[in-house]
Structure formats: structure tokens, C-alpha cells
2 protein chains.
Amino acid sequence: MNIGQASRASGVSAKMIRYYEQIGLVRPAERRDNNNYRSFDERNVNELRFIKRARSLGFSVDEITNLLSLWRDRARPSRDVKSIADQHVAELEGRIAEMQAMADTLRHLSGCCAGDDRPDCPILADLASGDPTVGERRREAARPFGG
Amino acid sequence: MNIGQASRASGVSAKMIRYYEQIGLVRPAERRDNNNYRSFDERNVNELRFIKRARSLGFSVDEITNLLSLWRDRARPSRDVKSIADQHVAELEGRIAEMQAMADTLRHLSGCCAGDDRPDCPILADLASGDPTVGERRREAARPFGG
DNA sequence: CTTGACCTTCCAGCGATGGGAAGGCGCATC
DNA sequence: GATGCGCCTTCCCATCGCTGGAAGGTCAAG
């Protein structure tokens with residue numbers, strides 16, 4: 001299989017396949033002698049599918065590196081896999097809570113805003129105040145996503 | 001005020017103040033004649049606080065550009081502000097739902113995983129299958145955060 | 001021979017931020 | 001006056017996961 005076929009078979013774009021190889025997430029694909037094209041087999045495609053599914057569950061490339069090596073290790077303790085998953089769930093929950101707090105605050109402010117032609121606006125008032133006691137509840141200001 | 005004092009007064013790092021100026025989020029600060037240092041007044045600091053608060057609520061720099069210009073416009077219709085806020089809430093909710101779906105799936109899988117010395121692991125099995133019918137409920141695979 | 005689909009590498013960008021180098025400026029102290 | 005410290009300046013690089021594009025090699029069909 002060429003990269004395009006592997007891409008269609010796995011659902012991972014050719015660009016990403018090359019990228020994953022470049023950063024060492026997958027081992028460099030074999031090359032054809034005549035034209036230097038990458039050559040993929042079913043095994044490679046399965047790995048790509050694994051990666052795609054893991055990405056869709058929000059795992060980072062680093063985490064997937066670990067998951068892949070556990071997957072390849074027939075003697076892995078399932079404890080190790082579970083640990084990675086649980087850690088990731090905790091991180092997701094943390095980020096969800098942050099965004100939930102943002103959304104709650106904004107919903108409250110928006111609910112207080114007439115949303116008409118008049119200029120008075122509690123949303124702007126909150127932003128302008130910078131005072132963290134105006135909104136509903138917001139003890140520790142959630143930092144923006146990027147972390 | 002020099003940039004360091006403005007930074008401490010606003011809670012925005014000096015690095016970010018320069019960056020915000022560079023990308024045009026805030027107007028270029030005045031410069032002192034003798035040493036070319038930036039010079040800030042209360043108004044600038046208030047703007048920086050506004051930005052900081054807006055960032056902490058997850059608004060993008062683009063959205064903040066609009067919020068700032070509405071803030072400066074005494075004749076703004078509060079409708080415009082509310083619209084930006086509501087749109088942002090909707091986006092937050094969308095991302096929360098995606099991450100919630102990831103977390104739900106992972107919690108389910110983790111709950112099915114013994115997490116001991118044995119190698120059998122439903123988490124890996126799910127990742128390996130790539131089949132979207134294994135997990136709990138997961139119609140449209142949520143794409144990872146980045147968009 | 002040309003066309004078009006494929007493949008290759010390399011380079012640059014996104015968004016918001018942190019880190020650091022290399023150098024100028026100002027003040028205090030020896 | 002030299003030294004040192006802390007502040008300021010600009011500039012470039014890294015993050016993370018990916019997308020886009022340029023410039024060029026390869027291959028099969030018309």
C-alpha cells in the first residue's frame with residue numbers, strides 16, 4: 001500500500017501519517033526501492049486506526065506513545081493502561097470544570113443583560129471591574145484553556 | 001508607569017503586554033523620550049485588566065478585540081455584547097460536550113478494566129478495534145480539541 | 001509527449017504564551 | 001569611574017497537533 005491507500009484505509013490523512021513518523025509516534029515505514037515511496041501493510045494501518053481512535057478520545061501524542069507500546073507488549077499489566085486512562089479522565093474533568101465555570105459565569109451575566117439598543121451591559125461591567133466577586137461563584141479564576 | 005509596574009498592577013505579564021500591542025489588541029503605548037521605554041497610565045491598566053478578565057472567561061483575542069471596541073463605544077447596543085457572549089457560551093458548551101463524551105467513554109472502559117497484573121484490557125481492545133460501537137454511546141466521534 | 005494523480009521533502013502558519021539571548025539605561029555602592 | 005543589579009528594549013525559538021503550499025520526482029493512461 002502507498003500512503004494514500006493507507007490513509008483511506010485508516011482514516012488518517014497522508015500528511016498526518018508522515019507527521020507521526022517524523023515525531024517518532026510510529027516507526028518509519030518501509031520504502032520501495034525504485035521510487036522511495038512509503039509502503040504500508042495491514043499492521044501499519046491498524047496502528048494508525050489505533051492512533052486515530054485514541055486521538056478522538058483526547059489522548060495526547062505522548063500518551064498515545066505509551067498506549068502504543070503497552071499495546072505491542074503482550075505482557076503489559078492492564079494496570080498501566082488503566083492508569084493512563086484514569087489520568088486522562090482526570091485531566092478532562094479538570095478542563096471541563098474550568099470551562100463549565102466560564103460558561104456558568106457567562107450565562108449568568110448574559111441573563112442579566114437586556115440585549116437591546118441600550119448601552120448598559122452587566123457583561124461589560126463585569127469585564128471592566130476585574131473584581132472576582134461580581135459573578136455568581138468563581139473562587140479560583142479558571143485559567144484559559146492553553147494551560 | 002513602566003511596563004513592569006503596569007504588569008504588576010494589571011496582572012498581565014510584561015511579555016503579554018508587548019504581545020498584545022504587537023498584534024494590535026491594544027494601541028501602542030506611549031514611549032518616553034529619553035530611553036524609549038513604554039509608558040502606561042491608569043486607563044491602559046484598566047484595559048489590561050479587562051483583557052485579563054475576558055481571557056479568564058475563555059474569550060479569544062479576536063472576541064476581545066470586539067468586546068474592547070464595544071466597551072469604548074458609549075453608544076453600543078447591549079445586544080452586540082450579549083451576542084458575543086452567547087456565541088462564546090455556545091462554543092464552550094460544544095467543547096464541554098465533546099470532552100464530556102470522551103470522559104464518559106473512558107470512564108466506562110476504565111470501569112471494565114481490571115487494572116491488575118493481567119494483560120487483558122478493554123481499553124486497549126477499544127482503541128485497537130477502531131469500531132465505534134464498542135463504547136457506551138458515541139454516535140459522532142468527537143474530534144480532538146484543536147479543531 | 002502530455003496530462004493528471006500520486007508521491008517526496010521542506011517551510012511556514014495557527015493561538016496564546018513562556019523562555020532566553022544580546023544589548024541599552026538608571027541608580028546605588030565601592 | 002567601575003561594578004553590579006534591575007529594569008527595559010528587540011528578536012528568535014518552543015510549545016501542540018495539524019494544515020497548507022511550493023517545488024520536484026514517479027507512474028500509468030491517452
Side-chain angles (χ1 to χ4, degrees), chain A residues 1-26 28-40 44 48 51-65 67-68 88 91-92 95 98-99 102 141-147, chain B residues 1-26 28-40 48 51-65 88 91 95 98-99 102 141-147:
Chain A
M1 284 168 115
N2 284 346
I3 200 170
Q5 300 168 293
S7 165
R8 283 185 291 273
S10 65
V12 177
S13 75
K15 225 75 185 172
M16 289 310 304
I17 297 176
R18 294 192 197 98
Y19 172 69
Y20 288 152
E21 178 180 306
Q22 187 196 323
I23 64 174
L25 179 55
V26 299
E30 312 268 304
R31 299 295 187 127
R32 292 197 200 281
D33 286 342
N34 48 341
N35 57 16
N36 199 34
Y37 287 7
R38 287 177 183 80
S39 170
F40 300 84
N44 303 134
L48 290 170
I51 292 169
K52 189 192 158 107
R53 175 87 180 110
R55 285 295 300 136
S56 85
L57 290 174
F59 286 106
S60 71
V61 165
D62 254 24
E63 289 165 326
I64 298 177
T65 302
L67 288 171
L68 269 175
H88 181 51
E91 205 203 304
L92 284 171
R95 306 212 276 168
E98 278 183 8
M99 299 174 68
M102 295 177 190
R143 74 199 136 119
F145 328 95
Chain B
M1 285 168 112
N2 284 347
I3 201 171
Q5 300 168 291
S7 166
R8 282 184 291 274
S10 65
V12 178
S13 76
K15 271 291 224 247
M16 288 313 302
I17 296 176
R18 294 194 196 96
Y19 173 70
Y20 288 153
E21 178 180 305
Q22 186 196 323
I23 64 173
L25 179 55
V26 299
E30 311 268 304
R31 298 295 187 130
R32 290 197 201 282
D33 285 341
N34 47 341
N35 57 14
N36 200 35
Y37 287 8
R38 287 178 184 79
S39 170
F40 300 83
L48 290 170
I51 292 169
K52 189 193 160 108
R53 174 88 182 110
R55 286 292 302 135
S56 84
L57 289 174
F59 286 106
S60 71
V61 164
D62 254 24
E63 289 165 326
I64 298 177
T65 302
H88 181 51
E91 205 203 305
R95 306 212 277 170
E98 278 183 9
M99 299 174 67
M102 295 177 189
R143 77 205 132 113
F145 328 94

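- Here the nucleotide nearest the side chain of B:V61, chosen from D:dC18, D:dT19, C:dA16, is C:dA16.
- Phosphate contact (OP1/OP2 of D:dT19, side-chain N/O of A:S13, threshold under 4.0 Å): present.
- A:K52 places its NZ atom 13 Å from the C1' atom of D:dC18, with the value rounded to the nearest Å.
- Around CD of B:Q5, the count of heavy atoms belonging to other residues, nucleotides or ligands within 6.0 Å exceeds 12.
- A heavy-atom distance below 4.5 Å is found between the side chains of B:V61 and B:I23.
- A heavy-atom distance below 4.5 Å is not found between the side chains of A:V26 and A:N44.
- Atom pair A:L48:CG and D:dG17:P shows a separation of 16 Å (rounding to whole Å applied).
- Atom CD1 of B:I17 is separated from atom C1' of C:dG18 by 15 Å (rounded to the nearest Å).
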Reading nucleotides 1-9 of chain C 5' to 3', which nucleotides get B (base under 4.0 Å from a protein heavy atom), which S (sugar-phosphate only), which -? -----BSBB
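- Nucleotide D:dA28 holds its P atom 11 Å from the CZ atom of A:R32, rounded to whole Å.
- Atom CG of residue A:L25 and atom CD1 of residue A:I17 lie 11.5 Å apart, to the nearest 0.5 angstrom.
- For the pair A:Y19 OH and D:dG20 P, the computed distance is 15 Å after rounding to whole Å.
- OP1 and OP2 of C:dG24 both lie 4.0 Å or more from every side-chain N or O belonging to B:N34.
- Rounded to 10 degrees, the angle separating the terminal helix axes of the helix from C:dC1-D:dG30 to C:dC30-D:dG1, each built from five base pairs, is 40°.
- Other residues, nucleotides and ligands contribute only 12 or fewer heavy atoms inside 6.0 Å of the CG atom of A:D33.
- Counting heavy atoms from C-beta on, the side chains of A:M16 and A:L48 never come closer than 4.5 Å.
- Pairs of residues two or more places apart, or lying in two chains, that qualify as salt bridge (charged side-chain N to carboxylate O under 4.0 Å, His left out) and include a residue from residues 5-26 of chain B are B:E21-B:R31, B:E21-B:R38.
- One N or O on the side chain of A:N35 and one on the backbone of A:Y37 form a donor-acceptor pair closer than 3.5 Å.
- Rounded to a whole Å, the CD atom of B:Q22 is 13 Å from the C1' atom of C:dG15.
- One can place CD1 of B:I23 at 8 Å from C1' of C:dA16, the figure rounded to the nearest angstrom.
- Residues meeting the side chain to side chain donor-acceptor pair (under 3.5 Å) test with A:E63, sequence neighbours left out: A:S60.
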